[in-house]
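What follows is a short report on a single structure.
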Amino acid sequence: MLLKELLTDIAPLSVSGDIDTDIAGISIDSRQVRQGYMFVAMRGTQVDGHQFIAKALEQGAAAIVCETVPASVPAGVAVIRVASAEAAVGPLAHAFHGRPSHRLTLVGVTGTNGKTTIATLLYNLMRSLGYRCGLLSTVCNYIEGEAVPATHTTPDAVELNQLLGRMVAAGCQYAFMECSSHAIVQQRIGGLRFRGGIFTNLTRDHLDYHKTFEAYRDAKKLFFDNLPKTAFALTNIDDRNGMFMVQNTRAQVKTYSQQQMADFRARVVETHFEGMYLDVCGREVGVQFIGRFNVSNLLAVYGAAVLLGQQPDDVLVALSTLHSVSGRLEPIHSERGFTAIVDYAHTPDALNNVLQAIHEVLQGSRAVGRQSEHKAQVITVCGAGGNRDKGKRPLMAQEAVRQSDRVVITSDNPRFEDPQDIINDMLAGLTPQQRKSVLVIADRREAIRAACMMAERGDVVLVAGKGHEDYQEIRGVKHHFDDHEVIREVI
């Protein structure tokens with residue numbers, strides 16, 4: 001594509017050199033630059049891309065996008081100076097890949113919890129209705145049926161547009177993606193045209209990056225501020241920030257709720273570990289999920305599908321066939337009669353939601369006389385990630401102790417921290433009396449084994465924090481570790 005065609009989507013401060021040159025690719029990593037590429041010099045959180053302009057030129061860059069013009073550039077190389085390279089790279093990558101968001105229906109999901117579930121279920125639901133779809137999620141990216149490993153919740157702008165371009169080439173009509181707060185403020189989704197946006201909920205997370213809850217909240221809101229008037233903004237008004245998110249959007253605002261009047265409403269009729277019966281907008285449907293937070297997730301999926309033009313009854317039939325996302329409230333049944341549940345819950349609110357869901361099922365079992373004489377206990381195994389928001393560590397321990405009969409505190413992904421230091425931060429949130437009921441086992445494998453050995457018939461062992469992850473990151477090295485595998489070995 002000619003350079004001058006790419007520049008129509010941005011507003012350069014200055015341009016020098018040949019803009020009729022053909023651009024063969026775009027990169028923000030000088031090591032990946034090839035002959036004829038455009039190199040965008042980004043000022044990142046760790047390094048400044050301007051330091052690598054010379055390397056990009058050695059690799060054969062035909063154009064440089066930067067905020068500060070280099071002292072010398074080889075003849076024939078175009079230099080485009082912009083106010084913000086971070087803001088420019090999205091529109092440039094979008095244009096280079098044929099503006100893919102204009103050629104398919106793109107829906108973004110943002111919030112603290114539920115993004116992966118909602119995006120994945122929308123992908124699966126629309127495929128079940130006969131559409132070709134793409135998915136960009138924490139667990140895995142999909143181009144129709146082709147799996148593409150995910151390294152970030154939202155890829156960088158270059159990779160993101162490349163994936164969207166591949167979706168268009170594969171004939172996809174819809175694409176569903178998680179939009180993380182990092183991606184929003186770093187403008188990785190810049191230049192994309194969304195047909196819809198979904199807000200799930202907002203609780204404490206990523207304060208190691210955003211520093212304050214208000215900054216984190218405003219990052220999410222920015223997504224809705226930028227939606228076009230042709231889009232819908234579907235928001236969860238059971239969350240106190242639900243209407244705040246959409247107060248400045250130009251999009252068509254629609255609401256969903258379990259507790260109050262809304263465009264899309266649902267309530268639980270019956271629940272058990274294999275699923276629930278729900279009343280969704282006056283229609284009853286059986287689903288293979290548990291937990292009130294999953295009612296909200298399913299309601300968001302239902303509402304979005306209807307807003308995309310699908311018939312309500314067709315959507316409900318499709319919902320009844322869907323399964324939980326890997327590592328989200330995933331039950332594993334033991335021959336000894338207890339149930340182990342693997343869940344990705346790694347924030348205080350997510351842990352609270354999962355434990356509430358477990359208690360709802362246990363209470364329902366007692367109500368219909370399915371419980372044995374032994375009072376079912378909830379045994380929770382949890383930790384907290386290293387090099388992340390330390391403030392949530394004591395809160396995680398408090399939630400676990402508050403809603404569990406027994407708690408085993410262990411290691412999650414310690415990254416570059418000492419696992420015992422992380423555990424100590426968690427224990428700091430507990431009273432001396434509470435600490436007496438907590439077992440500390442830093443080795444995650446042994447912690448899971450101990451919890452399973454404690455369990456009796458009817459009990460529930462929750463293994464929280466890692467969910468779908470099949471690794472444990474220690475000192476920068478990812479070692480294979482899968483909670484599912486360990487549980488199955490034990491039981």
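Judged by distance alone, the side chains of Arg328 and Asn294 never bring a donor and an acceptor atom under 3.5 Å apart. Side-chain contact check for Ser324 and Glu330: no donor-acceptor pair (N or O, by modelled atom type) lies under 3.5 Å. A side-chain donor from one of Thr255 and Asp263 sits under 3.5 Å from a side-chain acceptor of the other. The closest side-chain donor-acceptor pair between Asp349 and Asn113 falls under 3.5 angstrom. A donor and an acceptor atom, one from each side chain of Lys221 and Asn241, are nowhere located under 3.5 Å apart.
Formation of a donor-acceptor pair under 3.5 Å by the Thr249 side chain with backbone atoms of Phe224 is found in this model. Side chain of Ser181 to main chain of Ala219: no donor-acceptor pair is present (N/O by atom type, distance under 3.5 Å, no hydrogens or angles). Between the side chain of Thr235 and the backbone N or O of Ile237, no donor-acceptor pair lies under 3.5 Å. Put simply, the side chain of Gln173 gets close to the backbone of Arg132: a donor and an acceptor are under 3.5 Å apart. Remark: side-chain polar atoms of Thr110 are paired, donor with acceptor, to backbone N or O of Cys179 under 3.5 angstrom. The backbone N or O of Gln403 sits less than 3.5 Å from a side-chain atom of His359, completing a donor-acceptor pair. Using modelled atom types, one side-chain atom of Gln434 and one backbone atom of Thr431 make a donor-acceptor pair closer than 3.5 Å.
Taking SG of Cys172 as the start and OH of Tyr123 as the end, the distance is 7.5 Å to the nearest 0.5 Å. Remark: Gln187 CD to Ser84 OG distance equals 5.5 Å, nearest 0.5 Å. One distance of note links OG1 of Thr105 with CE of Met126; it measures 8.0 Å at 0.5 Å rounding. Here CG of Asp225 is found 14.0 Å from NZ of Lys220. Values are rounded to the nearest 0.5 Å. Interatomic distance, CZ of Phe199 versus CZ of Phe244, reported as 10.0 Å (0.5 Å rounding). For the atom pair CD (Glu67) and NE2 (His50), the distance works out to 5.0 Å, reported to the nearest 0.5 Å.
Shortest non-hydrogen contact noted between Gln258 and Ser296 is NE2-OG, 2.9 Å. Minimum interatomic distance between Ser128 and Leu125 (heavy atoms only, all atoms of both residues): OG-O, 2.6 Å. When every heavy atom of His94 is checked against every heavy atom of Ser101, the shortest pair comes out as NE2-OG, 2.8 Å. Between Ser30 and Phe39 the shortest heavy-atom distance is N-CE1, 3.6 Å.
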task = Quick one: do Leu308 and Tyr174 satisfy side-chain contact (heavy atoms from CB on, under 4.5 Å)? Show the steps, please.
result = CA-CA 10 Å; Leu308 290 172; Tyr174 292 90; 4.1 Å; yes
ask   = Could you walk me through whether Met426 and Met396 pass the side-chain contact (heavy atoms from CB on, under 4.5 Å) check?
value = CA-CA 7 Å; Met426 295 184 73; Met396 292 283 289; 4.0 Å; yes
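Counting heavy atoms of neighbouring residues, nucleotides and ligands inside a 6.0 Å radius, atom CD of Glu284 exceeds 12 of them.
Screening Leu329, Leu298, Asn352 for a side-chain contact (heavy atoms from CB on, under 4.5 Å) involving Phe293 leaves a single residue, Leu329. With Asn413 as reference, Lys466 is the one residue of Lys466, Glu473, Arg444, Lys478 to meet the side-chain hydrogen bond (donor to acceptor under 3.5 Å, both in side chains) rule. With Tyr302 as the fixed residue, the side-chain contact (heavy atoms from CB on, under 4.5 Å) test singles out one of Asn297, Val280, Leu278: Val280.
A salt bridge does not link Arg217 to Glu214: none of the charged nitrogens lies less than 4.0 Å from a carboxylate oxygen. Salt-bridge annotation for Arg188 and Asp156: absent, with no side-chain N of the basic residue lying under 4.0 Å from a carboxylate O of the acidic one.
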